[in-house]
Structure formats: C-alpha cells, structure tokens
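These notes are about the structure you will find just below.
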Amino acid sequence: QVQLVESGGGLVQPGGSLRLSCAASGTIFSIYTMGWYRQAPGKQRELVATITSRSTTNYVDSVKGRFSISRDNAKKTMYLQMNALKPEDTAVYYCWQTGGVWGQGTQVTVSS
C-alpha cells in the first residue's frame, strides 16, 4: 500500500522560509511524477509544483522564484523549499503521486 507522509509545516513570519518533506513508502518512488498541492480555507486545492522522474520541474506562477521542488530517489523523499513566504501562501500543503495518491497534508501558516 502506497503511503505519503508530509512534514515540515508550521508558523512562519512573512519573508521567512520553510522546507516541507514528503516521505513515500510502498511505491517504486523513482518512476513517478510527484507534486505539491495546497488548499487555503474556502478555496479549491491548487497545484503548486511538480517534478518528473527525471527531475524536470514546473511551478505555478505565484511561487516561481520563491519555491523549489526536489527529490531524493534513494530516500524516497520529495521536498519543497519555500522562501520569501507571503501570507497568501497560508494553506494545507499536500504531497501527491501520479495515480491519485495523496498525503494527509501539513499546515503552513504565514503570519506576523
């Protein structure tokens, strides 16, 4: 059974940084495109970034230049480095694997 577990969320001031991690188990991690989504209160879940098996990356315009997605296939872990955080980045962040596998989410709150 595939399982994705996020960690690294928390409360941070505007302009601060956080690094999210997504640890995978029960999957051949290296062959799948992975991604991060987020859902803010009262809003639909939106795609933040994706990374293919060959580490080609893609970002939503609102996070380009601030967020960086990466993966370590040996550790079966994906990361999201978030810099220059803004209050509008506040959301629950979800890890996703091709085929519709989701993690449970981790809360990110950007507030002074």
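Here the structure is a predicted model, which means the values were calculated and not measured.
Listed for the R71 side chain is a donor-acceptor partner under 3.5 Å among the backbone atoms of T52. The backbone N or O of T109 lies less than 3.5 Å from no partner atom in the side chain of S111, so there is not a single donor-acceptor pair. A donor-acceptor pair is defined here as one N or O able to donate and one able to accept, closer than 3.5 Å; no such pair exists between the side chain of Q1 and the backbone of G26. For the pair K76 (side chain) and T27 (backbone), a donor-acceptor distance under 3.5 Å is present. When atom types are taken as modelled, the side chain of S17 and the backbone of N83 share no donor-acceptor pair closer than 3.5 angstrom.
Between K64 and D61, at least one side-chain N (NZ, or NE/NH1/NH2) sits under 4.0 Å from a carboxylate O, which counts as a salt bridge.
Just one residue in the list D89, L20, T90 forms a side chain to side chain contact (heavy atoms under 4.5 Å, CB included) with V108, and that residue is L20. Screening Q39, Q107, R38 for a side chain to side chain contact (heavy atoms under 4.5 Å, CB included) with Y93, the sole residue that qualifies is R38.
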K86/V110 under side-chain contact (heavy atoms from CB on, under 4.5 Å): CA gap, chis, key distance, verdict | CA-CA 6 Å; K86 304 175 181 180; V110 184; 5.5 Å; no
Test side-chain contact (heavy atoms from CB on, under 4.5 Å) on W96 and V101 and set out the steps.
-> CA-CA 6 Å; W96 167 85; V101 182; over 6 Å; no
Which is it for T77 and D72 under the side-chain hydrogen bond (donor to acceptor under 3.5 Å, both in side chains) test, yes or no, and what are the steps along the way?
-> CA-CA 5 Å; T77 302; D72 184 332; over 6 Å; no
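Counting only residues at least two apart or in different chains, disulfide (SG to SG under 2.5 Å) contacts with residues 54-112 comprise C22-C95.
Distance CD/E88 to NZ/K43: 8.5 Å, rounded to 0.5 Å.
Across S30 and S53, no two heavy atoms sit closer than the pair O-CB, 3.2 Å.
You'll find the ring centres of W102 and Y37 inside the 6.0 Å limit.
Heavy-atom neighbours of L47 CG from other residues, nucleotides or ligands within 6.0 Å: above the threshold of 12. In this structure, Q44 places its CD atom where only 12 or fewer heavy-atom neighbours from other residues, nucleotides or ligands lie under 6.0 Å away.
The shortest distance between side-chain heavy atoms of W36 and M78 falls below 4.5 Å. Between V92 and T106 the shortest side-chain heavy-atom distance does not fall below 4.5 Å. In this structure, F67 and L80 have side chains that are in contact, with non-hydrogen atoms separated by less than 4.5 Å. A heavy-atom distance below 4.5 Å is found between the side chains of F29 and M34. Under the 4.5 Å side-chain criterion, counting only non-hydrogen atoms from C-beta, P87 is in contact with P14.
When only modelled atom types and interatomic distance are considered, T50 and N58 share no side-chain donor-acceptor pair under 3.5 Å.
Membership of an apolar cluster is not assigned to L11, as no side-chain contact below 4.5 Å to another ILVMFWY residue is traced.
With hydrophobic clusters built from ILVMFWY side chains whose heavy atoms lie under 4.5 angstrom apart, V2 shares a cluster with I51. Clustering ILVMFWY residues whenever any of their side-chain heavy atoms sit less than 4.5 angstrom apart, transitively, puts Y94 in a cluster other than the one holding M82.
In this view, R45 satisfies the salt bridge (Lys or Arg N to Asp or Glu O under 4.0 Å) rule with no residue, not counting sequence neighbours.
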